[in-house]
**Student:** 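What follows is a structure written as structure tokens; I'll ask about it next.
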Number of protein chains: 2
Amino acid sequence: MSITPKGEARRQALLDAVLRVLEKGGPSAVTHRAVAAEAGVPLAAATYYFDDLDDLLVSALRRATEQQLDLFAPLAGARLGDFARALLDYTHTHRAEAIAQYELLFMAMRRDSLKGDAELWYGALDDAVRAATGDRLDEARRRGVSWAVDGLILHMLWRGEPSNVEAVEGALRDILGPQSPRDPRDPT
Amino acid sequence: MSITPKGEARRQALLDAVLRVLEKGGPSAVTHRAVAAEAGVPLAAATYYFDDLDDLLVSALRRATEQQLDLFAPLAGARLGDFARALLDYTHTHRAEAIAQYELLFMAMRRDSLKGDAELWYGALDDAVRAATGDRLDEARRRGVSWAVDGLILHMLWRGEPSNVEAVEGALRDILGPQSPRDPRDPT
DNA sequence: TCCTTTTTGGTACAATAGTACCAAAAAGGA
DNA sequence: TCCTTTTTGGTACTATTGTACCAAAAAGGA
């Protein structure tokens with residue numbers, strides 16, 4: 001029968017629990033017992049669905065990255081406000097996933113097998129920036145904007161600011177600089 | 001007698017060892033035993049000089065942050081090339097300290113007592129950007145540039161690129177945008 | 001010099017954590 | 001239905017780790 005719906009649900013519950021534990025206590029807090037407790041399942045469940053602790057952690061980080069990618073995927077041709085909203089969604093509504101994603105980035109610094117996942121995320125960020133700025137920026141300049149958005153995300157994660165759409169839009173304008181109109185579709 | 005020169009040296013050796021262990025294995029690898037082994041001192045030394053493991057870790061992260069601040073301190077009025085060199089120094093020569101500093105940033109996300117250290121770093125980054133760009137940028141725009149430099153640093157840390165002064169200078173120009181001259185002091 | 005304080009380093013203990021194990025239960029498929 | 005496979009959850013074992021302890025050594029100060 002190979003896989004059970006209920007079993008799959010439990011597996012997902014464990015992955016979710018990893019993110020919550022990670023957000024609250026950092027990487028070193030991610031233990032079989034802590035995750036199982038957070039997910040409300042017995043200890044053995046955490047060892048049954050994953051080869052070992054590393055597998056559990058990495059699986060959770062990869063899943064979080066995929067989920068975050070979806071937030072930016074539908075941004076093609078979007079206005080600046082939509083991009084700002086996506087950023088807020090990324091750093092506030094899905095804060096645990098965002099933190100997980102950056103933890104994965106740091107793990108990628110010392111483990112080549114994770115580099116691909118990191119590339120995936122930065123590729124998506126580039127695409128989103130491209131989509132939101134249209135063809136107003138050349139490739140070189142867009143590279144700088146992507147770095148700035150990355151820095152902005154980091155800032156939003158640890159400071160909690162900016163915390164509303166207008167403020168994030170303002171931040172994005174500061175990044176794009178004075179030569180860009182207030183909104184690509186609204187050249188007021 | 002309160003403190004011994006040799007004892008102080010050993011204390012510093014332990015803090016250095018923390019950074020190396022952290023760079024290699026991440027936060028969860030930082031154990032009394034691993035640090036003591038890396039520093040070449042007996043286990044008990046790691047418990048003698050610090051209250052507990054958390055004290056050891058946080059002390060090391062704080063020290064790394066202070067050291068990194070020094071890299072950007074003497075940048076007042078510097079040219080873009082000097083800033084690029086400082087970034088390379090930061091991410092390559094002092095990679096372990098840089099990683100430690102970002103680990104501290106992530107710890108600050110869940111511990112208020114570390115927020116001040118994080119502010120310190122970002123304040124220094126802002127100052128450095130201000131010093132390197134002179135008065136060519138207004139405050140809002142400078143904010144965007146600081147975020148971009150932060151993102152660039154992250155990129156340099158996990159990708160290792162750009163890895164030479166010219167390339168970093170190019171990256172900085174991509175960040176500053178087309179409206180800025182190649183160099184503030186060299187308006188070729 | 002003698003005395004006090006600090007440092008050393010080896011050892012031991014208790015807590016935590018990773019993982020194996022297994023008998024019972026549940027879930028499909030034939 | 002019966003049989004096989006998967007899942008469950010409790011338990012136990014072992015490794016790792018944080019931390020306490022202590023006697024000996026070293027390091028100043030009087």
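Reminder, nothing fancy here: chain letters follow the sequence lines and each chain counts from 1. Treat the numbers as computed from the prediction; the structure is a model and nothing was measured.
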**Student:** Rounding to an integer number of Å, can you tell me how far A:Asp52 CG sits from D:dT16 C1'?
**Tutor:**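 My rounded result for the distance is 16 Å.
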
**Student:** According to side chain to side chain contact (heavy atoms under 4.5 Å, CB included), who are the partners of A:Lys24, at least two apart in sequence or on a separate chain?
**Tutor:** A:Glu38

**Student:** Could you tell me which residues satisfy side-chain hydrogen bond (donor to acceptor under 3.5 Å, both in side chains) with A:Glu8, sequence neighbours excluded, listed by chain and number?
**Tutor:**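 Applying side-chain hydrogen bond (donor to acceptor under 3.5 Å, both in side chains) to A:Glu8 gives A:Gln12.
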
**Student:** Output all residues satisfying side chain to side chain contact (heavy atoms under 4.5 Å, CB included) with A:Ala171, sequence neighbours left out; order by chain, then residue number.
**Tutor:**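 Partners of A:Ala171 by the side chain to side chain contact (heavy atoms under 4.5 Å, CB included) criterion, ordered by chain and then number, come out as A:Leu152, A:Pro162, B:Arg143, B:Trp147.
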
**Student:** Running the 4.5 Å side-chain criterion over Ile, Leu, Val, Met, Phe, Trp and Tyr, what cluster does B:Val18 land in, apart from itself?
**Tutor:**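 Taking Ile, Leu, Val, Met, Phe, Trp and Tyr as members, B:Val18 shares its hydrophobic cluster with B:Leu14, B:Leu15, B:Val21, B:Leu22, B:Val30, B:Val35, B:Val41, B:Tyr48, B:Tyr49, B:Phe50, B:Leu53, B:Leu56, B:Leu57, B:Val58, B:Leu61, B:Leu104, B:Met107, B:Leu114.
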
**Student:** Test of understanding: with side-chain hydrogen bond (donor to acceptor under 3.5 Å, both in side chains), list the residues that count as partners of A:Ser146, not counting sequence neighbours.
**Tutor:**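 With sequence neighbours excluded, A:Ser146 shows a side-chain hydrogen bond (donor to acceptor under 3.5 Å, both in side chains) to A:Asp126, given in chain and number order.
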
**Student:** Filter on ring pair (Phe, Tyr, Trp, His ring centres under 6.0 Å), then keep only pairs touching residues 108-140 of chain A, sequence neighbours left out; what's left?
**Tutor:**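 Pairs touching residues 108-140 of chain A that pass the test: A:Phe72-A:Trp121, A:Tyr90-A:Trp121, A:Tyr122-B:Trp158.
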
**Student:** Which atom names give the shortest non-hydrogen contact between B:Leu88 and B:Met156, and what distance separates them?
**Tutor:** CD2-CE, 3.8 Å

**Student:** Let's see if you get this right: which residues in residues 11-40 of chain A place a heavy atom under 4.0 Å from DNA chain C?
**Tutor:** A:Thr31, A:His32, A:Arg33

**Student:** One pair to check against side chain to side chain contact (heavy atoms under 4.5 Å, CB included): A:Leu157 and B:Met109. What are the steps and the verdict?
**Tutor:** CA-CA 7 Å; A:Leu157 279 179; B:Met109 288 185 191; 3.7 Å; yes

**Student:** Round to the nearest Å and state the distance from A:Glu8 atom CD to C:dA26 atom C1'.
**Tutor:**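 Between C1' of C:dA26 and CD of A:Glu8: 18 Å.
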
**Student:** Dump the pairs, protein N or O against N or O of nucleotides 23-25 of chain C, anything under 3.5 Å, distances to one decimal.
**Tutor:**
none

**Student:** Rounded at 0.5 Å granularity, tell me how far OG1 in A:Thr91 sits from CD in A:Glu161.
**Tutor:** 11.5 Å

**Student:** Kindly express the pairing pattern of DNA chain D in dot-bracket notation, using | wherever a base pairs with another strand and counting only Watson-Crick or G-U pairs under 3.5 Å.
**Tutor:** ||||||||||||||||||||||||||||||

**Student:** Starting at CG of B:Asp54 and ending at C1' of D:dT17, how long is that distance when rounded to a whole Å?
**Tutor:** 15 Å

**Student:** A:Leu120: what forms a side chain to side chain contact (heavy atoms under 4.5 Å, CB included) with it, not counting sequence neighbours?
**Tutor:** A:Leu69

**Student:** Is any side-chain heavy atom of B:Arg130 closer than 4.5 Å to one of B:Glu139?
**Tutor:** yes

**Student:** Kindly give the heavy-atom pair with the smallest separation between B:Arg63 and B:Asp16, and that separation in Å.
**Tutor:** NH1-OD1, 3.0 Å

**Student:** Which pairs, protein N/O on one side and nucleotides 8-11 of chain D N/O on the other, fall under 3.5 Å?
**Tutor:**
unit_1, atom_1, unit_2, atom_2, d
D:dT8, OP2, A:Tyr49, OH, 2.4
D:dT8, O5', A:Arg10, NH1, 3.2
D:dG9, OP2, A:Arg10, NH1, 2.9
D:dG9, OP2, A:Arg10, NH2, 2.3

**Student:** Once side chain to side chain contact (heavy atoms under 4.5 Å, CB included) is applied, do any residues pair with A:Glu23, and if so which ones, sequence neighbours excluded?
**Tutor:** A:Arg95, A:Ala96, A:Ile99

